[in-house]
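Beneath this line is the structure, given in structure tokens, with notes to follow.
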Amino acid sequence: MKPLAAAIVIAALILSFSAYRDLFGLRHALNSAVYPFQFLAASTYKGVVGLPAGITNLFSLSRENELLKQRVKNDEAKLNQLAELILENNRLRAALGYQAAGRYGRRLLPAGVLGRAPQVWSSVIVIDRGANAGIKENMAVVAAEGLVGRVVEVAAFSAKVMLITDVDSKVAAVSGRSRDLGMVEGFSPLKLAMRYVSSAGDIQVGDLIVTAASSSLFPPGIPVGRVLKAEKQEHDLFYQIEIEPAVPFSRLEEVFLVF
Amino acid sequence: MRPAIYILLAAVVQTVLLPRLNIFGVMPDLFLVTVIILALQKNRTAVTLSSAGLGLLTDLLSAGFFSNTIAYVIAGNIAKTIKEDFFGDEKSLAVRLVLGLSAGLVLLTGAGHFFLLRREWSLSYLSFRLVAFPLYNLLAWLIIAPLAQQAFYGD
């Protein structure tokens, strides 16, 4: 029955490069069917793992509550100042003909991470928001620390997010310091590679890399990572750059979708 | 019904629990281990069809190419071919198949990414994966082999 195996392999190859990768809605239906079990398992896991911390926290909750109240009071004054600065910034930008800006200038929707897609070389996570929450393909996804990735597939109640560490991910990015432009690609689950940065530029270890304004998918200015290695040989056209991602993907439990 | 429950549980564990137990991004592949277990006892047609089915399931739960379908069908048929010519202790054969085919899967899919899709991977990470993935799968085999036996063969 080796011809059967060969036929299946060829069919899978053809399907992989065709427009029918969702198998006429079967992919979405399957993901929707599995979602309740994934949600239950993820909630149970988070509950079990969080239980010891929850018990020890009971004893320190009161003190922590007082400290947090004091911090909120202190931060309120700073927030008022910041609001004024944002308004002034927008007025000045409008006077110069620029559009108004805020942090990413967009609404953020929180989502929980259910799990990860079961493919050896892919870095795709599953989140607990889907079409019912207004999620669309190619939406940018961020975490508190920086850029996570983009939505690649949407089911009714869940969605798949390709992380920036995925080998198929590409993000236009710049150095925050020198503004040299390049393309950040997945290199391993722990590192990113930044390509096509001209060797005439100035990239140093420790530079913060952020999303570029030229990116059509991601708002500009989102932290991508920090430069770990930046090398160039004498006759090279481009730098060889490795970046440590800003987001700790191995511990990622909550993300935000950028509307 | 038992195979369906086993497959559903494996899918949930694979996507929800195991990613949280990963070591530098490496986690066991329960479905590859299941394909090898099935290859040791079922006939070739059943192995091919069940490998394709399990591969398709994992690909539909992922995004992108049907790489698992291709990899599992090839792995299942290789395991079956080796089993047909093998005389000896089945457990030691299973261990060797898990280790060998796991490493082979890493190389096959990595090569596919590099040659077909022109994607580059860190060589040091590939080397780490070539060692860690088979060992992690071996650990998974020790745990799930009795469960798979119970689910698919009822003993």
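Letters A, B, ... mirror the listed sequences (proteins, then strands); counts begin at 1. The basis for the numbers below is simple: all heavy atoms, side chains too, and nothing from hydrogens, waters or symmetry mates.
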Of the backbone (N, CA, C, O) and the side chain (C-beta and beyond), which part of A/I8 lies under 4.5 Å from a heavy atom of chain B, both, or neither? side chain

Which region of B/T69, side chain (C-beta onward) or backbone (N, CA, C, O), has a non-hydrogen atom less than 4.5 Å from a non-hydrogen atom of chain A, or is it both or neither? side chain

Can you confirm whether B/F31 is buried at CZ, in the sense that more than 12 heavy atoms of other residues, nucleotides or ligands lie under 6.0 Å from that atom? yes

At a heavy-atom distance under 4.5 Å, which candidate from A/L30, A/V124, A/T165 has the highest pair count against chain B? A/L30

B/R20 side chain reached by A/R251 side chain, heavy atoms, under 4.5 Å: no

Spacing of CD belonging to A/Q38 relative to CG belonging to B/L17, to within rounding of 0.5 Å: 12.5 Å

Can you tell if the side chain of A/L4 reaches within under 4.5 Å of the side chain of B/L49, non-hydrogen atoms only? yes

Only pairs of heavy atoms separated by less than 4.5 Å count here; which of B/G25, B/A63, B/P19 has the most with chain A? B/A63

So that I know where these two stand, are B/Y125 and A/F187 an aromatic pair - ring centroids less than 6.0 Å apart? no

Flag yes if more than 12 heavy atoms outside A/K191 fall under 6.0 Å of its NZ atom; otherwise flag no. no

Tell me, for A/E153 versus chain B, whether the close heavy atoms (under 4.5 Å) come from the side chain, the backbone, both or neither. side chain

On the ring face of B/F66, is A/R27 found with NZ or CZ under 6.0 Å from the centre and within 45° of the axis? yes

If I measure from the heavy atoms of chain A, does B/L56 come under 4.5 Å with its side chain, its backbone, both, or neither? side chain

Among A/A117, A/S123, A/P118, who wins on heavy-atom pairs under 4.5 Å with chain B? A/P118

Using heavy-atom distances under 4.5 Å, tell me whether A/E253 contacts chain B through its side chain, its backbone, both, or neither. side chain

Which atoms of B/T81 come close to chain A, meaning under 4.5 Å heavy atom to heavy atom: side chain ones, backbone ones, both, or neither? side chain

How long is the span from the CD1 atom in A/I125 to the OG1 atom in B/T15, to the nearest 0.5 Å? 12.5 Å

So, the part of B/V13 with a heavy atom under 4.5 Å from chain A: the answer is neither

Within a reach of under 6.0 Å around NZ of A/K46, are more than 12 heavy atoms found that belong to other residues, nucleotides or ligands? yes

Residue A/L40 versus chain B: region with a heavy atom under 4.5 Å: neither

Donor-acceptor contact below 3.5 Å, side chain A/K2 vs main chain B/N77: no

How many angstroms lie between CG in B/D59 and OG in A/S16, if you round to the nearest 0.5 Å? 7.0 Å

Sort B/I74 into side chain, backbone, both or neither according to what part of it lies under 4.5 angstrom from a heavy atom of chain A. side chain

Euclidean distance, A/S158 OG relative to B/L61 CG, rounded to 0.5 Å: 9.5 Å

Can you tell me which portion of A/Y45 sits under 4.5 Å from chain B's heavy atoms? Options are side chain, backbone, both or neither. side chain

Chain B heavy atoms under 4.5 Å from A/V34: which part of the residue, side chain, backbone, both or neither? side chain

For atom CZ of B/F128, is the number of surrounding heavy atoms from other residues, nucleotides or ligands below 6.0 Å larger than 12? yes

Proximity breakdown for B/L8 and chain A, heavy-atom pairs closer than 4.5 Å: side chain

So, the part of B/F133 with a heavy atom under 4.5 Å from chain A: the answer is side chain

More than 12 heavy atoms of other groups within 6.0 Å of B/F24 CZ: no

